[in-house]
Trainee: 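Got a structure for you, written out below as structure tokens; questions coming shortly.
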Amino acid sequence: MKILVCISKTPDTTAKIAFTDNNTKFSEAGVQFILNPYDEWYALVRAIELKEADPATVLHLINVGGPDNDPIIRKALALGGDEAIRVNSNSHDDYFIAAQIAEIAKQNNYDLIFTGKETIDYNGSSIGGMIAEFLNLPFISLATKFTLKENTATVEREIEGGEEVDEVNLPLVVSCQKGMAEQRIPNMRGIMSARTKPLKVVEPAQADTFTEISSFQLPPAKAGVKLIPADQPEELVRLLHEEAKVI
């Protein structure tokens, strides 16, 4: 079996966010970047578990980005990927990115493609579905459990108000979220071996781009906190009624 896991680089959740060039570009100054948690903790680790259950499995990673993404890719290789492919493009257009991943997938005939449910910076949650459309494959989103018996996958996913269980034959595309696997930390052996694992860089295929970033905007600053003495409940009621307008 051949598995492809899509990985992306995102700012750490504790990073201080700022913008430059009249709020048209994200400022990377002083920002710590990480492997997108949904890609790492759930998609990649579940793929590693499948490889451990069947050592004949081939596990490839793919990233669309520039050379500054290489440390993130090496971390993913340290966790357990066999080799990685980086498509050399800094595009943020989901259609373009999905097209690049689909082109690589066509060339290698993967049985299973995993993505995280979304990235924690843009929260688009669209890449997996687009890849499946490009490849004309079944797509299951928001998967919380994934089991495989021969050529048939059983996938549990969240739906509004409950859960759904699907059975589908390979090949297919699955987007993964919490529940698929437990977080792993690279060990020293994995870190050392990742240095010599293949990381192929390919130029992007011709594809359309339909979106571009026009500007960024920070959310409004939160109002200050008002402290009311415990012996003045009438003042609390007044503020809730006149200012907060919740009663």
Side-chain angles (χ1 to χ4, degrees), residues 4-45 47-48 59-105 113-128 130-131 183-186 188 190-207 209 211-216 218:
L4 181 67
V5 178
C6 308
I7 59 174
S8 52
K9 181 185 77 172
T10 59
D12 190 287
T13 53
T14 61
K16 185 176 181 180
I17 302 303
F19 307 111
T20 61
D21 294 353
N22 197 29
N23 290 338
T24 60
K25 292 184 179 179
F26 173 70
S27 175
E28 297 186 1
V31 175
Q32 174 71 36
F33 286 94
I34 61 173
L35 182 56
N36 181 50
Y38 288 110
D39 301 338
E40 176 187 358
W41 299 350
Y42 310 125
L44 177 55
V45 174
I48 292 169
L59 174 54
H60 289 177
L61 315 175
I62 188 167
N63 170 262
V64 180
D68 53 342
N69 287 18
D70 287 355
I72 299 300
I73 299 171
R74 289 292 178 192
K75 179 186 177 183
L77 287 170
L79 282 166
D82 293 319
E83 66 176 67
I85 303 161
R86 176 170 63 80
V87 180
N88 192 31
S89 171
N90 286 313
S91 174
H92 295 290
D93 179 80
D94 286 356
Y95 183 92
F96 181 89
I97 293 170
Q100 303 309 315
I101 295 171
E103 182 63 28
I104 298 297
I113 300 174
F114 276 160
T115 74
K117 76 164 186 175
E118 62 187 2
T119 57
I120 61 171
D121 48 2
Y122 290 100
N123 304 107
S125 195
S126 60
I127 296 293
M130 289 185 178
I131 294 170
Q183 181 182 6
R184 291 191 182 189
I185 299 174
M188 185 55 66
I191 294 171
M192 297 300 291
S193 65
R195 298 178 180 179
T196 58
K197 289 181 178 179
L199 198 174
K200 300 177 183 178
V201 179
V202 299
E203 292 306 311
Q206 181 63 39
T209 298
T211 60
E212 62 180 18
I213 297 170
S214 58
S215 66
F216 292 97
L218 292 171

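No hydrogens, no waters, no symmetry mates; every other heavy atom, side chains included, goes into these values. All residue numbers refer to positions in the sequence shown, counting from 1.
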Trainee: Does any N or O in the side chain of Asp82 come within less than 3.5 Å of the main-chain N or O of His60, such that one atom is a donor and the other an acceptor?
Mentor: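 It does not hold such a pair.
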Trainee: Mind checking the CZ-OG spacing from Arg74 to Ser193? Nearest 0.5 Å is all I need.
Mentor: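 Nearest 0.5 Å value for the CZ-OG distance: 10.0 Å.
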Trainee: Do Ile127 and Ile97 pass the side-chain contact (heavy atoms from CB on, under 4.5 Å) test, and can you show the C-alpha distance, the side-chain angles, and the key distance before you say yes or no?
Mentor: CA-CA 8 Å; Ile127 296 293; Ile97 293 170; 4.0 Å; yes
Trainee: Hey, are the side chains of Thr10 and Pro37 touching, using non-hydrogen atoms and a 4.5 Å cut-off?
Mentor: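 Side-chain contact under 4.5 Å: yes.
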Trainee: To the nearest 0.5 Å, what is the distance between CD1 on Ile48 and CZ on Phe114?
Mentor: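 Those atoms lie 11.5 Å apart.
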Trainee: Can you give me the closest heavy-atom contact between Pro198 and Leu77, atom names plus distance?
Mentor: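 For Pro198 versus Leu77, the nearest heavy atoms are O-CD1, 4.2 Å.
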Trainee: With rounding to the nearest 0.5 angstrom, report the CG to CG distance, Leu44 to Leu59.
Mentor: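 So the gap between those two atoms works out to 6.5 Å.
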Trainee: So among Glu103, Glu203, Gln100, Lys200, which one has a side-chain contact (heavy atoms from CB on, under 4.5 Å) with Val87?
Mentor: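 Between Val87 and the candidates, side-chain contact (heavy atoms from CB on, under 4.5 Å) is satisfied uniquely by Gln100.
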Trainee: Partners of Phe19 by ring-ring contact (aromatic ring centres under 6.0 Å, His included), sequence neighbours excluded?
Mentor: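 Partners of Phe19 by the ring-ring contact (aromatic ring centres under 6.0 Å, His included) criterion, ordered by chain and then number, come out as Phe216.
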Trainee: Nearest heavy-atom pair of Met130 and Ala98: which atoms, and what distance?
Mentor: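 Minimum heavy-atom contact is CB-CB, 3.5 Å.
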Trainee: To the nearest 0.5 Å, how far apart are CG in Asn23 and OG in Ser214?
Mentor: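 OG of Ser214 is found 10.5 Å from CG of Asn23.
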Trainee: With no hydrogens and no angle check, just 3.5 Å: does a side-chain donor-acceptor pair link Ser8 and Asp39?
Mentor: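 A donor-acceptor contact under 3.5 Å links the two side chains.
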Trainee: What heavy-atom pair brings Gly116 and Ala43 nearest, and what distance separates the two atoms?
Mentor: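 So the minimum-distance heavy-atom pair works out to N-CB, 4.0 Å.
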Trainee: Quick check on Glu212: does its CD atom have over 12 non-hydrogen neighbours (other residues, nucleotides or ligands) under 6.0 Å away?
Mentor: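 Counting other residues, nucleotides and ligands, CD of Glu212 stays at 12 neighbours or fewer.
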Trainee: What closest approach, in Å, do Pro186 and Ile191 show between heavy atoms, and which atom pair accounts for it?
Mentor: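 It is CB-CG1, 3.9 Å.
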Trainee: Just by distance, do the side chain of Asn63 and the backbone of Ile7 share a donor-acceptor pair under 3.5 Å?
Mentor: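 Yes, because the side chain of Asn63 sits within donor-acceptor range (under 3.5 Å) of the backbone of Ile7.
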Trainee: Between Val31 and Asp12, is the side-chain contact (heavy atoms from CB on, under 4.5 Å) condition met? List the steps.
Mentor: CA-CA 7 Å; Val31 175; Asp12 190 287; over 6 Å; no
Trainee: Can a donor-acceptor pair be found, under 3.5 Å and without considering hydrogens, that links the side chain of Asn88 to the backbone of Val201?
Mentor: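 Not confirmed, Asn88 side chain does not pair with Val201 backbone.
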Trainee: Excluding sequence neighbours, so at least two apart, what forms ring-ring contact (aromatic ring centres under 6.0 Å, His included) with Phe96?
Mentor: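 Counting only residues at least two positions away or on another chain, Phe96 forms no ring-ring contact (aromatic ring centres under 6.0 Å, His included).
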Trainee: Identify the two heavy atoms, one from Ala99 and one from Ala207, that lie closest to each other, and give their separation to 0.1 Å.
Mentor: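 For Ala99 versus Ala207, the nearest heavy atoms are CB-CB, 3.8 Å.
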Trainee: Please enumerate all residues that pass salt bridge (Lys or Arg N to Asp or Glu O under 4.0 Å) together with Asp70, with sequence neighbours excluded.
Mentor: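 With sequence neighbours excluded, Asp70 shows a salt bridge (Lys or Arg N to Asp or Glu O under 4.0 Å) to Arg86, given in chain and number order.
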Trainee: Within this structure, what is the CD1-CD1 distance for the pair Ile62 and Ile113, rounded to the nearest 0.5 Å?
Mentor: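 Between atom CD1 of Ile62 and atom CD1 of Ile113 there are 8.5 Å.
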Trainee: Side chain of Glu40, backbone of Val45: donor and acceptor closer than 3.5 Å?
Mentor: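 Absent.
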Trainee: Measuring from Phe26:CZ to Ile17:CD1, what's the distance to the nearest 0.5 Å?
Mentor: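 The CZ atom of Phe26 sits 4.0 Å away from the CD1 atom of Ile17.
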Trainee: Check for a donor-acceptor pair, side chain of Lys117 on one end and backbone N or O of Tyr38 on the other, with a separation under 3.5 Å.
Mentor: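 No, because the side chain of Lys117 does not come within donor-acceptor range (under 3.5 Å) of the backbone of Tyr38.
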Trainee: Determine the minimum heavy-atom distance between Cys6 and Thr115, stating which atoms define it.
Mentor: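 Cys6 and Thr115 have their closest heavy atoms at SG-CG2, 3.7 Å.
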Trainee: Give a yes or no on this: more than 12 heavy atoms of other residues, nucleotides or ligands lie within 6.0 Å of atom CG of Leu218.
Mentor: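 Atom CG in Leu218 is crowded, with more than 12 foreign heavy atoms closer than 6.0 Å.
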Trainee: Any side-chain to backbone donor/acceptor pair from Asn22 onto Thr24? Under 3.5 Å, distance only.
Mentor: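 Side chain of Asn22 to backbone of Thr24, a donor-acceptor pair under 3.5 Å: no, none is there.
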Trainee: Out of Asp68, Asp121, Thr119, Asn36, which one pairs with Lys9 under the side chain to side chain donor-acceptor pair (under 3.5 Å) rule?
Mentor: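 The residue from Asp68, Asp121, Thr119, Asn36 that satisfies side chain to side chain donor-acceptor pair (under 3.5 Å) with Lys9 turns out to be Asp68.
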